[in-house]
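Taking it in order: structure first as structure tokens, then the write-up.
Note that these values count all heavy atoms, side chains included, but never hydrogens, waters or copies made by symmetry. In this text, all values refer to a predicted model and were calculated from it rather than measured experimentally.
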Amino acid sequence: MGNQKNSNFTIFYLSSEGKRLAEKLRILLKKAEIYKLKKELIAEKWQKGNILIFIMALGIVIRQITEFVKSKKEDPGVLVINETGKFVIPLLGGHSAEVNKIAQELADFLGSEPVITTASDSKALPALDLWIKRMGLISKNPEILPKIMAIFNEKGYLKVYKETNLEIPLFNFAKEVDNYREAEVIITNKSLGDLKTQLILIAPNLWVGLGFHEGITEKEIEIAINKVFKEKNLDILALKGIATLEKKAKYLPLKTFCQNKKLILFGFNKDELQKKEACTPSKRVFQAVGVYSVSEQSALVASKGSLLIPKRTLKNITIAVAEEIYRIPGKLYIVGTGPGKIEYLTLKALTILREAEVVVGYKTYLKFLEKLLPGKEIYNFSMTEEIKRAKKAIEEALKGKIVALISGGDPGIYGMAGLVLEILGKNNLSLEVEIIPGISALNACSALIGAPLMNDFAVISLSDRLTPWEEIKKRLNIISQADLPIVIYNPRSKRRKIQLSEAKKIILQYRKETIPVAVVCSAMRDSQKIYFTTLGELDENLVDMKSTIIIGSSKSFYFNQWFITSRGYERKYEKEFEISSFLE
């Protein structure tokens, strides 16, 4: 919901009708806590970052919360929904906690009407804080945003200064001015000094090109960049990324610096760099590395823009700065959707799916989620079209859209994450990517059958579409000898019928026929089926492409309906295992 990455939702009700509505909302809010109204619970949950939803009359809520209300900076977001679910009213935190947006989403879900009363919404003015976020801008002095919003509400417009190289569509009722001193809102990448009455928004569109001698530290890199930025009156918040030679990009202190500062890091080969002409070429550098200016050419290639600061030579490092044309940033979320059913999505996955403007995915997975995707731009693909899916998602995000690429299970386990990152890396594309984890088949199947993966285990796919079968067989031999439980993905399909039989023969060379085995088909879906068997009795006809197989180790056993692999607790804490009161 909204952008509440760290929010906790609490729903209070009074009547049985209110409780039913609360339970309905939990389908959307996932981990929301539900309580009958108690003042001591309100006091406990009343803290910034929380969202409190009251299903009852507005007057009751006002009387209950009055003593807790302090300020916008300290209060949680508060919404009120009447017991029939007809109206959703954001009471506190309209913009600061994004409660107006959450109210709209709840109203869409319930088929009800949001009642928005904040001044900007009442006057049809845009929410400035949400516009800043969508444009990818960084507020230099966010503490004066309420004052600027008050001016906006009073005047009905704001004077805005924007640097010429920033292709940012201004919000409605913005009046662009040519002199930043006349503006109430300044959009820039420069350091303009201590301006106390103007809202300064930084556009991160600067690229640093680096050449350096190995042995330089992370701290020295930071000091050098800050020095150059300060000398040229550039704001360090405008730094988007760092570019250098391909081999230099592998230098660990540089990688660490970029990781900690949340900067993009690009490494280019000399052929890529030579496509850009150096402003201050050096024959000595060319003789050493094959390009005339690592820093300048790297900055130009990464930015696809113009050189702002030619090469500056400092101790053990050269720095150049280039400026890219700033456009609305898109973002690509790679969303793990687990088994597919809505109840098994994480709260973050639900949030992203509701916020995304474009959704891309395998058509079967999208069908599970269609109730969450009304009004969105959707692109369906077939099972073997992973590359097409990834490229389409990247292309849409590069257009400045918020894109959700669906990946069944977890994106990083035989999912879409690696493919997307490979394509971005191969093409040196600058795009913000966030990977949303999901429940993988190994998690789902393990939970359904007991605790077969309690200790170390191995995971392998028998699909030879991307990995040669001979290589898969080598891996099977190695992991089978390790006496670990084995999770097998993609065990069998209409086309691949011999792989499972061969895999079974390999594993039986090292394991007893009596080892427990579970076959789980369509885990956590309506067509789910579970078969318990042993390695020797494993019937390949029970297995298809929707199946996952878990093969136990010598420490695995069946207990009643459960498949368990011992971790060693009983061996180490044997006496503590007894619960005497139940044994008498």
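- Within a 6.0 Å sphere centred on NZ of K391, other residues, nucleotides and ligands contribute 12 heavy atoms or fewer.
- Side-chain atoms of W207 and E324 include a donor-acceptor pair closer than 3.5 Å.
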- Trace of the salt bridge (Lys or Arg N to Asp or Glu O under 4.0 Å) decision for E167 with R327: CA-CA 5 Å; E167 293 187 3; R327 299 180 175 91; 3.3 Å; yes

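- Atom CG of D235 is separated from atom NZ of K190 by 11.0 Å, given to the nearest 0.5 angstrom.
- A salt bridge links R475 to E471: one of the charged nitrogens lies within less than 4.0 Å of a carboxylate oxygen.
- Between L369 atom CG and L366 atom CG the span is 6.5 Å, to the nearest 0.5 Å.
- Counting heavy atoms of neighbouring residues, nucleotides and ligands inside a 6.0 Å radius, atom CD of E385 exceeds 12 of them.
- Between E432 and K331 there is a salt bridge, since a side-chain N of the basic residue sits under 4.0 Å from a carboxylate O of the acidic one.
- Atom OG1 of T244 and atom CD of Q297 lie 11.5 Å apart (nearest 0.5 Å).
- Within the 4.5 Å cutoff, the side chain of K392 has heavy atoms near those of the F381 side chain.
- Side chain to side chain, N455 and T565 fail the donor-acceptor criterion of an N or O pair below 3.5 Å.
- In this structure, N205 and I325 have side chains that are not in contact, with every pair of non-hydrogen atoms separated by 4.5 Å or more.
- Inter-residue side-chain proximity for N443 and D410 is flagged as unmet; no heavy-atom pair is nearer than 4.5 Å.
- Taken to the nearest 0.5 Å, the OG1 atom of T337 stands 12.0 Å off from the CD1 atom of I436.
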- Task: Please report the C-alpha distance between E231 and K227 in whole Å, then the side-chain angles of each, then the deciding distance to 0.1 Å, and finally whether the salt bridge (Lys or Arg N to Asp or Glu O under 4.0 Å) criterion is met.
- Result: CA-CA 6 Å; E231 287 175 356; K227 178 180 174 66; 3.4 Å; yes

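- By the 6.0 Å contact criterion, CD1 on I387 is open, its count of non-hydrogen atoms from other residues, nucleotides or ligands being 12 or less.
- Counting heavy-atom neighbours within 6.0 Å of K232 NZ, excluding the residue itself, gives a total of 12 or less.
- Within the 4.5 Å cutoff, the side chain of T188 has heavy atoms near those of the I202 side chain.
- Relative ring orientation between F212 and Y251 is described as tilted, the plane-to-plane angle lying within the 30° to 60° band.
- Note on E357 versus K399: no salt bridge recorded, every NZ/NE/NH1/NH2 to OD/OE distance being 4.0 Å or above.
- For the pair K159 and E182, the salt-bridge criterion is not met [side-chain N within less than 4.0 Å of a carboxylate O].
- Side-chain polar atoms of D483 and Y510 form no donor-acceptor pair below 3.5 angstrom.
- Ion pair E396/K401 flagged as a salt bridge, since at least one NZ, NE, NH1 or NH2 atom sits closer than 4.0 Å to an Asp/Glu carboxylate oxygen.
- No more than 12 heavy atoms of other residues, nucleotides or ligands lie within 6.0 Å of CZ in R284, so this atom counts as exposed by the packing criterion.
- Note that the CD atom of Q198 and the CG atom of L195 stand 5.0 Å from one another [nearest 0.5 Å].
- Rounded to the nearest 0.5 angstrom, E470 CD and I472 CD1 are separated by 9.5 Å.
- For N260, the CG atom is densely surrounded, since the number of other residues' heavy atoms within 6.0 Å is greater than 12.
- Within a 6.0 Å radius of CD in E176, more than 12 heavy atoms belonging to other residues, nucleotides or ligands are found.
- A heavy-atom distance below 4.5 Å is not found between the side chains of L345 and V335.
- In this structure, a donor-acceptor pair under 3.5 Å is absent between the side chains of E220 and N316.
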